[in-house]
Amino acid sequence: MAAAPALKHWRTTLERVEKFVSPLYFTDCNLRGRLYRDSCPVAALSSFLTPERLPYQQAVQQDFRPAQVGDRFGPTWWTSWFRVELTIPEAWVGQEVHLRWESNGEGLVWRDGEPVQGLTTEGEKTSYILTDRLGEGDPRNLTLYVEVACNGLLGAGKGSMIAAPDPEKMFQVSRAELAVFHRDVYKLLVDLELLLGIAKGLGEDNQRSFQALYTANQMVNMCDPAQPETFPVAQALASRFFGQRGGESQHTIHAIGHCHIDTAWLWPFKETVRKCARSWVTAVQLMERNPSFIFACSQAQQLEWVKNHYPGLYTRLQECACRGQFVPVGGTWVEMDGNLPSGEAMVRQFLQGQSFFLQEFGKMCSEFWLPDTFGYSAQLPQIMRGCGIRRFLTQKLSWNLVNTFPHHTFLWEGLDGSRVLAHFPPGDSYGMQGSVEEVLKTVTNNRDKGRTNHSAFLFGFGDGGGGPTQTMLDRLKRLCNTDGLPRVQLSSPGRLFSELESDQGQLCTWVGELFLELHNGTYTTHAQIKKGNRECERILHDAELLSSLALVRCTQFLYPAVQLQYLWRLLLLNQFHDVVPGSCIQAVVEDAMSHYEDIRSHGNGLLSAAAAALCAGEPGPEGLLIVNTLPWKRTEVLALPRPGGAHTLGLISSAGDSAQHGLCSCSCPHFPAAPAAPAACVRSARAPADSFSRLPSPTKTDGSVTLDNGILRVRLDPTGRLTSLVLVASGREAIAEGATGNQFVLFDDVPLYWDAWDVMDYHLETRKPVLGQPGTLAVGTEGGLRGSAWFLLQLSPNSRLSQEVVLDVGCPYVRFHTEVHWQETHKFLKVEFPARVRSPQATYEIQFGHLQRPTHYNTSWDWARFEVWAHRWMDLSECGFGLALLNDCKYGASVHGNVLSLSLLRAPKAPDATADMGRHEFTYALMPHKGSFQDAGVIRAAYSLNFPLLALPAPGPAPAASWSAFSLSTPAVVLETVKQAEANPLSRTLVLRLYEAHGSHVDCWLHTSLPVQEAVLCDLLEKRDPAGHLPLRDNRLKLTFSPFQVRSLLLVLQPPLD
Ligand SMILES: [Zn+2]
């Protein structure tokens, strides 16, 4: 043994050890310099460049040209395939031989026609093991292919990570050689780095820190890099240190391998397919080499891509899953945004995801996994529970800009009272690397010390970095039980949560939404994506309902289950957490828009097919089928198509027993297509015209216009601003005294960094009202069924707006149809309505319900919510009166004091420099009301605005009589979804999903005119509740709801008569 260290100088000792392992300094004589000793160039390198992402079989048949290390290739998004011919020197027999490969593009190694490993310099994957030990008779000549994508781990941002991609960027292979790898050197390097980490991490007040430092120092003394025979002694010193055990009370870290892959973000969807392959083949290789290594993987869509494009790899993944090493988590189709998708869409994320996992891996996921989303809806706990999940993992709230979230392990209670066990890995990351610093942070940062003694540690490079490395695994294995540090075990999400569940009695509870105090601009960025999302959610709702009715009414009709699944999956894909938020590059936006276009065109085709089936069987002239897809009676003005593309306004009233509140009716008047006839036909047939006072012609005085439908009286000033909004019956004024509503305002919108993501608090200090030109307001529609006024507004030298303010007969809200031509840089457009209402809180619609948020900035938790999200409506009410603001495609909102504002358009420049530039169309509406918003019907009004009555051309005669499929006995319950049950595409079973929307305990009778044989409750995955049989009497069944409860039921239809 060498002498003990004689000196006590902390810093020189520490830095001495650092230099001994440094990749930068003294590599001529230090240990690191010995890691790869002998090397030789590859025998031959040739390449083939293509703008396409070709399958292997096709790529290798192309014309490969000689290539050199250092050649430039590209540009961005192209692919260079390399044929790499190797001859391993005979002298290397007995050695471990690697192919060393470095490039700024992401590589995938193919051997014998199968992918074998990813090579990503940014993900510390720069070598591929050709052989662990070259045998005497082993073949020494072989040919590999390396597929290099012309993009980095995070795309190809020009100048900065989130800048728009540089289309001209060129790529390079900077190293391609064979080398002998010295594993004994590598092991010593791992040990020395850990010892350095312990010394630094525990610091000079800690005796274990000194033990680590002096052990490392002694190892350097003992070890001569040029003489491998000195290594075992050094190794033994390290082993003795790491073998000194900790006490029983040590915290346990569950290290779980992971690779967070954004389904599209700074690269297009198609590149993600390859990122998955590169990452997972690397993970599979590690699983095969390390039987204790467990890798958690989310997002069914990505697995489906790999299944289709890399079947060999997929089989290996399934084998790893059988061994429990590859653990599917999340249960969803993609890791979706947690705020913007509708309640039904969130259910479908799980329905599509869980059924995929069950089919492909034999079981459903038991954890919801959403580490990287910009906030979490208060309805998620109920949705999770309904989909067989009681456990939730994320970490994103560690990004809060204002308030530190108080828990890492806690019970999360949702809007309806459902609870799940939530865990945030206390290291505040999902991409750890296994360093001592991270391990220590996981313990010290944990805000539930003493309550639970377990936490998660997710390690691995994300986004194509290929996930974990062998080095990370070796570090974590070394730290399994060492005095002074927490215990580290390679573990699974299941094991972690089981441990946490046993501590459940000790945990605190958080009630309501998990609001992320950052990225609040994502409620607004990329308005066309938001609009596509809302519109396609509606189309799929309507298509499912109409197809279900067609299935019941028409024996020949085949429910389009396959098409609907395809369209739903497209919509769910677009709800990924960088797509619907608008935080993606232009190429992704283009793909997303084409997905919406597919849903629109195919969805409308499905509507037509269902309409045709509903109208078949009776002779007569062609007509229009008018359909109300909402479960209550409606009387609305509808623009009816006429031949030649013109429209006529008609007042349409859904039929049915007026004693019932709810009515989902399929109103099918005879509707001859002869010009002029339709509207009159409907009006004369069933318009309750007498019950409404016809709108008088809008009056114009002093440049102002007044619209009055007997319910509302709306006065617009000569620039289009709202100076008065009166609820006629009570004479109550909704606009604050001396203020004007419909006021457009512009803000400077320059965030600190995350351009498309963030709107900062200080933008509120730059508010500039847009002032119009008097005299621009004109009368539009002249009264009768509809009165309107319109105006133009120059927002800035480059942007303009036109708006039609519309009031219909019988309608309790006034609509603002808006068109904007938007050409701005870092500006934010909102519209404001100062209300004559005072309340400390406002109400916002969320998935299957609503919640309150403060209208003041009292505490940091209040002001951090200066910009929030909402779905179709928001409301500010005081006792007896309120004002609701509805919208058809917006999500960003706020209420401060008495001012309701709706966020309309932003103009960020990264990662998409063209975001939101161009033409936009959207509608919002204002509804003053007596009493509470529940009693006044705000929720129904917002549904009506978003689900207009359908007027579908019917190829045959429409059924003579209108009929209603479903009605409900209380307005508190909404029938949200009617669809065919998933289980069997030929089944005559429907699924109905209803929710309590008022926030009340209520009994509800559901009436149906359909031939129902059996009704039974089921969960959100459509699994029968064995105790859920519902007695049917006179076509009615009774359901009991608690506030915001979502209930699903199966209706088994009677077999068709013929
Ligand atoms: Zn992400």
Side-chain angles (χ1 to χ4, degrees), residues 106 120 122-123 151-155 157 161-162 256-269 271-276 278-280 295-303 305 329-341 346 349 353 367-377 380 392-400 424-425 427-432 456 458-467 514 516 518-523 525-526 529 572-585 587-589 591-592 753-758 910-912:
E106 292 189 288
T120 303
E122 294 158 285
N151 56 263
L153 188 154
L154 292 170
M161 179 184 100
I162 62 164
I256 303 164
H258 190 48
C259 178
H260 177 79
I261 303 179
D262 290 299
T263 296
W265 178 29
L266 301 173
W267 55 88
F269 289 100
E271 193 54 44
T272 308
V273 178
R274 300 201 296 187
K275 280 178 179 285
C276 293
R278 290 191 284 264
S279 301
W280 296 348
F295 182 82
C297 181
S298 65
Q299 312 200 62
Q301 168 71 87
Q302 294 184 1
L303 285 157
W305 280 336
V329 289
T332 50
W333 188 247
V334 296
E335 286 186 13
M336 74 281 198
D337 181 77
N339 301 326
L340 309 185
M346 282 189 169
Q349 284 286 352
E367 303 83 18
F368 181 38
W369 189 274
L370 203 54
D372 190 31
T373 291
F374 314 149
Y376 303 87
S377 162
L380 276 166
F392 171 50
L393 184 141
T394 184
Q395 63 79 48
K396 198 67 183 185
L397 262 60
S398 69
W399 286 47
N400 270 6
F424 300 174
D428 292 346
S429 167
Y430 49 80
M432 298 288 209
L458 307 180
F459 66 100
F461 290 100
D463 283 335
L514 296 173
L516 178 64
L518 198 73
H519 294 355
N520 322 42
T522 60
Y523 319 144
T525 303
H526 264 301
I529 292 185
L572 300 179
L573 178 58
N574 276 5
Q575 288 176 344
F576 176 73
H577 66 253
D578 282 307
V579 180
V580 81
S583 49
C584 48
I585 59 170
V588 175
V589 176
D591 286 345
Y753 176 70
W754 296 99
D755 200 355
W757 292 257
D758 287 349
D912 177 2

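Start at 1 and go down the list; that is how both ligands and their atoms are numbered. Note that these values count all heavy atoms, side chains included, but never hydrogens, waters or copies made by symmetry.
Side-chain contact check for Asp578 and Ser583: at least one donor-acceptor pair (N or O, by modelled atom type) lies under 3.5 Å. For the residue pair His519/Asp758, the side-chain donor-acceptor check at 3.5 Å is satisfied. Judged purely by distance below 3.5 Å, without hydrogens or angles, the side chains of Thr263 and Gln301 never pair a donor atom with an acceptor atom.
Between Tyr376 and Phe392, the gap from one ring centroid to the other is short of 6.0 Å.
Neighbouring protein atoms of the Zn ion (ligand 1) (N, O or S, distance under 2.8 Å, waters ignored): His260 NE2, Asp262 OD1, Asp372 OD2, His577 NE2.
At least one donor-acceptor pair closer than 3.5 Å links the side chain of Gln349 to the backbone N or O of Val334. Using a distance-only test at 3.5 Å, with no hydrogens or angles considered, no donor-acceptor pair links the side chain of Asp262 to the main chain of Asp463.
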